[in-house]
Amino acid sequence: GIFSALAAAAVFYLIYRWVNNRKTKRLILESQKPLLTPLEEFKKALQEIEQGGYVSKAQFKKHYFGLSEVSKKFLGKAFEFDAEERTTRELMAELKTRGFSEDLLLQWKTLFEEMDLIKFTDQTPEKTLAATLSRRIDEIVQGSWSTSPLSRRPPTP
């Protein structure tokens, strides 16, 4: 009986060590994954939206909602505030407090108003305008990234 109890305890101990060892290895591997900058995350998400082919399928709302979402995520992460639940007006007010130039603010405002028009009404954009939206947003994101405090921080290992 004593031998059986010791054998069972040894088995449980070995299983416990094996599970903890696996957890430790998984945590080490996860910590070694490279962290993406907000700009890199934006580029990746933008590419995924483009691969969806929403413009060619005339699924403009999906295209515009997706681009609006990734744009807000970029702004929120790059400038360290909660951007995703803000309206265009609230977003512009926040960006103004973050030191955005009038030109950059106007570019963002124009794009968000264009996206809002398609997202929240039954209007359909011109196909060429919808097809260039990703490129136009990407250009504004590039200009905005250079003003982000995160763009000047050294990368973390």
Side-chain angles (χ1 to χ4, degrees), residues 18-157:
W18 179 74
V19 168
N20 276 343
N21 193 18
R22 285 181 49 121
K23 281 183 186 178
T24 303
K25 285 180 182 177
R26 184 175 40 85
L27 290 173
I28 289 171
L29 287 175
E30 286 178 4
S31 69
Q32 291 175 348
K33 289 181 184 175
L35 297 176
L36 299 178
T37 66
L39 180 62
E40 292 167 335
E41 285 182 27
F42 170 80
K43 294 279 192 183
K44 183 178 177 185
L46 186 66
Q47 185 178 25
E48 289 171 6
I49 291 169
E50 287 300 311
Q51 288 173 348
Y54 300 125
V55 174
S56 62
K57 298 175 191 173
Q59 295 177 336
F60 299 113
K61 284 198 184 287
K62 281 187 176 183
H63 186 67
Y64 279 66
F65 267 104
L67 291 174
S68 178
E69 184 180 308
V70 299
S71 298
K72 286 181 179 183
K73 278 184 182 179
F74 164 77
L75 289 169
K77 288 184 177 189
F79 295 93
E80 301 173 313
F81 72 100
D82 180 25
E84 293 180 58
E85 298 301 320
R86 298 196 187 204
T87 65
T88 297
R89 182 178 297 142
E90 293 168 338
L91 195 55
M92 293 306 108
E94 181 67 37
L95 295 179
K96 192 171 190 171
T97 68
R98 304 279 173 167
F100 275 56
S101 69
E102 289 298 319
D103 181 51
L104 203 50
L105 278 172
L106 181 60
Q107 290 177 40
W108 276 116
K109 183 178 182 207
T110 302
L111 276 177
F112 276 113
E113 287 176 348
E114 176 185 334
M115 289 187 285
D116 288 348
L117 187 65
I118 302 306
K119 287 168 28 182
F120 302 120
T121 68
D122 291 333
Q123 293 191 34
T124 304
E126 289 182 32
K127 204 167 192 171
T128 56
L129 192 62
T132 64
L133 184 59
S134 295
R135 180 188 51 78
R136 292 182 286 141
I137 291 174
D138 188 39
E139 290 171 0
I140 296 172
V141 164
Q142 295 291 335
S144 300
W145 177 244
S146 64
T147 65
S148 169
L150 297 181
S151 71
R152 295 181 283 272
R153 288 187 189 161
T156 55

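Computation of the quantities below employed the complete heavy-atom set of this structure, encompassing side-chain atoms and omitting hydrogens, waters and symmetry-equivalent molecules. Remember, it's a predicted structure, so these values are computed and weren't measured experimentally.
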Distance-only donor-acceptor pairs under 3.5 Å for side chains of residues 43-50, two or more places apart:
| from | atom 1 | to | atom 2 | distance (Å) |
| --- | --- | --- | --- | --- |
| Lys43 | NZ | Asp138 | OD1 | 2.7 |
| Lys43 | NZ | Asp138 | OD2 | 3.0 |
| Glu50 | OE2 | Ser134 | OG | 2.2 |

Kindly list each side-chain donor-acceptor pair under 3.5 angstrom involving residues 115-123, sequence neighbours excluded, with atom names and distances?
| from | atom 1 | to | atom 2 | distance (Å) |
| --- | --- | --- | --- | --- |
| Asp116 | OD2 | Thr88 | OG1 | 2.5 |
| Lys119 | NZ | Ser68 | OG | 2.8 |
| Thr121 | OG1 | Leu117 | O | 2.2 |
| Thr121 | OG1 | Gln123 | N | 3.2 |

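Nearest heavy-atom pair across Ala130 and Tyr64 is CA-OH, 3.4 Å. The nearest pair of heavy atoms linking Lys127 to Val55 is CE-O, 3.3 Å. In this structure, Gly52 and Lys57 approach most closely via the heavy-atom pair O-NZ, 3.1 Å. What you find for Pro149 and Ala78 is that their closest heavy atoms are CD-O, 3.7 Å.
Salt bridge annotation for Lys73-Glu41: absent, with no cationic side-chain nitrogen under 4.0 angstrom from a carboxylate oxygen.
In this structure, Trp108 and Leu75 have side chains that are in contact, with non-hydrogen atoms separated by less than 4.5 Å. The closest side-chain heavy-atom distance from Phe42 to Leu36 is not below 4.5 Å. Side chains of Gln142 and Leu39 form a contact here, defined as non-hydrogen atoms less than 4.5 Å apart. Residues Lys72 and Phe112 meet the side-chain proximity criterion, which asks for heavy atoms closer than 4.5 Å. The shortest distance between side-chain heavy atoms of Glu94 and Arg86 falls below 4.5 Å.
Within 6.0 Å of the CD atom in Glu126, the count of heavy atoms belonging to other residues, nucleotides or ligands does not exceed 12.
With hydrogens and angles ignored, the 3.5 Å screen pairs a side-chain donor or acceptor of Arg136 with a backbone N or O of Leu129. Arg98 places a side-chain N or O within donor-acceptor distance of the main-chain N or O of Phe79, the cut-off being under 3.5 Å.
A donor-acceptor contact closer than 3.5 angstrom is absent between the side chains of Trp145 and Thr37.
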